[in-house]
Structures are given as C-alpha cells and as structure tokens.
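By convention here, the first residue in the shown sequence is residue 1. Atom set for the values below is all heavy atoms of this structure, side chains included, hydrogens, waters and symmetry mates excluded. As the structure lists them, so they are numbered: ligands from 1, and atoms in each ligand from 1.
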Amino acid sequence: MKIIIAGAGAMGSRFGIMLHKGGNDVTLVDGWPDHVNAIKKNGLKANFNGENITVNIPVMLQSEINSSEKADLIILFTKAMQLDKMLQDVKPLISKQTKILCLLNGIGHEDTIEKYIPMENIFIGNTMWTAGLIGPGQVKLFGNGSVELQNLGQGQENSAKKLASFLSESGLNAKYSDNIHYSIYRKACVNGTMNCLCSILEVNMTNFGATKPAHDIVVTVVNEFATVAKHEGVDLDVKEVVEHVESCFNPDTIGKHFPSMYQDLITNHRLTEIDYINGAISRKGKKYNIATPYCDLLTQLIHCKEDILGAN
Ligand code: NAD
C-alpha cells in the first residue's frame, strides 16, 4: 500500500514514522522547505518516548509532486487553513481508488475535501495522539493515543473498519466509530474553549480554570457548539462535554500545559485554526440563524492577537 502523508509537521511526522516502522511504503509531502530539506539531508529525527531515533522516509515538497505513481491512501495532516492548497497539490497522486483520511482538528473539513475526492473515498476522524515539532526535521513524540474514524460515503463501513485495522497494525490504536461527528464536535468543544481562552488570556489550563467566570464561559461556549451541532444532526450531551472540557483544568494531568494554539500563536507567532473551530460555529450559526456571540467574539479576539503579533 502506497501511503502519502500530506502535511508532515508534528502529527504527520508521528503517523509517518509509526506507519514506516510498521513496514509500510510511506512518503511525506510538505510545504515547508526548511523541514523537507532537513529530512532529505539528515533523515527525520524524533525523540520517540525518550529514545532518539532517525528515520529515513522519502519526502518531497508539494511543488515536487508528479503523477508517476498514484497513492492508495493519503492521510491529511496540514493545519486546517492549509488543507485546500494541499488537496490541490496532491491531486496528481489521486486515482479513483485513492482513499483519503482526514484527522485534522476542527469542523467541516469534508466540505473542502469533497471538492477533490468522491465521497465514497473519504474517511474522517480524530485522534488523541499528540506530537510536537522541535524544529525543521525534528519532532518530539511522547505518550499513547488513539484514532477514531468513519466513512463519509454510504456503504463504506467495511472499508472504514479495514482502514482502522490497518492503522492499528502499526500501533496507532484506531477504531471504527458509527458516530464520528459526535466525537469531532466533542473534541472541538475542548479546542473551542481551552485553545482560544488560554491564548487570549496567556495562561495555562489550570490557571484559566481557577478564574471565577471560567465555568460560565465554558458552559456558554459548549451550548453554542451544541445548538449548532443539533442542526447538523449531532446531539451533544452538554453536561458530559462540559465535564470533559473542565477535566483539562486538573493540574495533576494536563492542566499545567499550554494548549497547542497558545504554542502556535503566542510562542511561535503562527496563524491559528480558529476559523475552523469557533469560527466554524459562527459561520454555521449564521446559516441556521442561531446567535453565537461568544464564538464570534473569541474568533475575532484571536484574529486581533494574530494581527498584533504579526502571525504568519
Ligand atoms: P504543525 O504545525 O506541526 O504542521 C502543520 C504544517 O505546518 C506542516 O506542513 C508543517 O511543516 C508546517 N509548519 C510547522 N511549523 C512551521 C514553521 N515554523 N514554518 C513554516 N511551516 C511550518 O501541525 P500539527 O500539530 O501536526 O497539526 C496538524 C493537524 O492535527 C491540525 O489540525 C491539529 O489541530 C491536529 N492535531 C494536532 C495534535 C498535536 O498534538 N500536534 C494533536 C491532535 C490533532
């Protein structure tokens, strides 16, 4: 099976390394020249659960793609705002048989993917694996994780189950879900609260959780997500989701961490995925005539911060 990892930053590198270690034919495709050149020259270097490893995986820039060999599976791991350009660039690698798996955070990526791939070949999901990019050609991979995925096309359940088993053979701990949009919305509620609020307030999750308004803000934002989700046929259990979000405040587990949006925006002055998290709720809210004032404001405040910090 010829696998393309389309977007080989932190997460793409993790999946690339694990699938490569699992004996598969993996090629990384990425748009960051320094990163691609470092991997070409020195291999992909990873601190993998404390052990320093170097993996020699074929890699190319998006601009170097040619159509000589089609992919069987393309795993998308760009940031959300890079997705459309990546799909345009990998088009020469796509045949009628090519399956696409999207595990990006955020809501509504299928609308972008559908422009390029027939529905029956699209699989979406989310992942609890994590990864960090140390610099060009170097990643940090700690801990365990899992993947949940589902087919978008009708009658493709068996293909989705086979894809999950295939990923699990390389240790990715993947399983088929019969309600993936629920999981995607549930995870987006964590990102739509912790990521933007900790970035705007410049605090870790425990410190945000210790503020008096924290609970009210979380409840209001989760309710906006839930109201929109309901119009999309997803019935979120608000109480459970709020508890799930607030479990992030625990200093003994992940509370002392700064969410990834904080690291991208505040530490590295990179643009954020806010338009595909709270921004997606604002857009869908307008479509369904639902007021989403907290998501509207949080989206705009993050854009203010991007402008102030000159993020790119
Ligand atoms: P990433 O920022 O590491 O990589 C995304 C793209 O940005 C890659 O093409 C990468 O080469 C490029 N890039 C990274 N740093 C750059 C720089 N300094 N200059 C130029 N280009 C740069 O993104 P990621 O963390 O791998 O996330 C991919 C998707 O997975 C996102 O939707 C994210 O929300 C989601 N996700 C991430 C994690 C995580 O732990 N990192 C966990 C679950 C889901």
Side-chain angles (χ1 to χ4, degrees), residues 4-18 28-40 44 46-47 57 59-65 74-87 89-90 101-110 112-113 124-149 172-174 183-184 186-192 194-196 199 248 254 257-280 302 309-312:
I4 297 288
I5 306 284
M11 289 300 283
S13 294
R14 171 183 275 290
F15 275 61
I17 287 174
M18 290 179 74
L28 308 177
V29 171
D30 200 75
W32 185 17
D34 291 354
H35 185 49
V36 170
N37 290 336
I39 299 172
K40 279 183 181 168
L44 177 56
N47 189 309
I57 307 184
V59 60
M60 61 175 131
L61 280 167
Q62 286 165 236
S63 56
E64 293 171 332
I65 290 175
I74 298 180
I75 303 181
L76 298 167
F77 259 132
T78 60
K79 281 282 167 61
M81 54 284 186
Q82 304 164 327
L83 181 61
D84 196 280
K85 170 83 171 77
M86 178 59 84
L87 285 161
D89 290 344
V90 296
L101 172 63
C102 175
L103 296 174
L104 275 61
N105 280 332
I107 292 167
H109 300 312
E110 52 268 42
T112 307
I113 303 169
I124 58 165
N126 64 18
T127 176
M128 303 312 273
W129 288 101
T130 60
L133 201 52
I134 302 169
Q138 283 186 53
V139 289
K140 201 169 48 179
L141 311 174
F142 277 94
N144 285 312
S146 56
V147 175
E148 267 188 276
L149 65 89
L172 283 160
N173 192 17
S183 305
I184 288 173
R186 185 174 183 263
K187 190 171 189 208
C189 285
V190 177
N191 296 322
M194 296 301 106
N195 271 287
C196 47
S199 302
C248 298
I254 55 169
H257 287 272
F258 290 86
S260 58
M261 188 179 286
Y262 179 100
Q263 287 161 30
D264 283 339
L265 179 58
I266 308 300
T267 312
N268 297 320
H269 297 182
R270 294 184 63 212
L271 291 170
T272 72
E273 298 182 295
I274 195 72
D275 285 337
Y276 303 87
I277 308 169
N278 305 73
I302 289 292
L309 295 171
N312 56 42

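- For atom 4 (O) of ligand 1, the nearest protein heavy atom (residue, atom name, distance) is Gly9 CA, 3.4 Å.
- Met128 does not count as a contact of ligand 1, since none of its heavy atoms falls under 4.0 Å from the ligand.
- Of all heavy-atom pairs spanning Ile113 and Cys102, the tightest one is CD1-CB, 3.5 Å.
- Considering every non-hydrogen atom in both Ala6 and Val90, the closest pair reads CB-CG1, 4.2 Å.
- Scanning all protein heavy atoms for the shortest distance to atom 44 (C) of ligand 1 gives Asn105 ND2, 3.4 Å.
- Taking only nitrogen or oxygen atoms, main chain and side chain alike, Thr127 does not reach within less than 3.5 Å of ligand 1.
- Checking Glu273, Arg14, Lys79 against atom 32 (O) of ligand 1, the nearest heavy atom belongs to Glu273.
- Side-chain contact check for Asn195 and Asn191: at least one donor-acceptor pair (N or O, by modelled atom type) lies under 3.5 Å.
- Using a 4.5 Å heavy-atom cutoff, the side chains of Ile17 and Ile57 are in contact.
- Residue Leu103 comes nearest to Gly125 through the heavy atom pair CD2-C, 3.5 Å, listed as atom of the first residue, atom of the second, then distance.
- Nearest heavy atoms, Thr127 versus Lys187: O-NZ, 2.8 Å.
- Inclusion of Gly7 in the set of residues having an N or O under 3.5 Å from an N or O of ligand 1 is not warranted.
- Ligand 1 is approached by Ala131 to a heavy-atom distance shorter than 4.0 Å.
- Other residues, nucleotides and ligands contribute over 12 non-hydrogen atoms within 6.0 Å of the CG atom of Asp34.
- Within the listing of ligand 1, atoms 3 (O), 14 (C), 15 (N) sit less than 4.0 angstrom from a heavy atom of Leu133.
- Protein heavy atom closest to atom 2 (O) of ligand 1, with residue, atom name and distance, is Arg270 NH1, 2.7 Å.
- Around NZ of Lys140, the count of heavy atoms belonging to other residues, nucleotides or ligands within 6.0 Å does not exceed 12.
- For atom 28 (C) of ligand 1, the nearest non-hydrogen atom from the set Leu141, Thr78, Asn126, Leu104 comes from Thr78.
- When non-hydrogen atoms are compared, ligand 1 lies under 4.0 Å from the side chain of Trp32 (C-beta onward) but not from its backbone.
- With respect to atom 6 (C) of ligand 1, the closest heavy atom belonging to the protein is Gln82 OE1, 3.2 Å.
- By the 4.5 Å heavy-atom criterion applied to side chains, Met81 and Leu271 are counted as neighbours.
- Only side-chain heavy atoms of Asp30 come within less than 4.0 Å of ligand 1; its backbone N, CA, C and O stay farther off.
- Here the protein heavy atom with the shortest distance to atom 25 (O) of ligand 1 is Ala10 CB, 3.8 Å.
- Note on ligand 1: Trp129 sits in its first shell, one or more heavy atoms being nearer than 4.0 Å.
- With respect to atom 37 (C) of ligand 1, the closest heavy atom belonging to the protein is Met11 CG, 3.4 Å.
- Residue Met128 places its CE atom among 12 or fewer non-hydrogen atoms of other residues, nucleotides or ligands, all under 6.0 Å distant.
- Summarising the contacts of atom 43 (C) of ligand 1 with Gln263, Lys187, Met261, the nearest heavy atom is found in Lys187.
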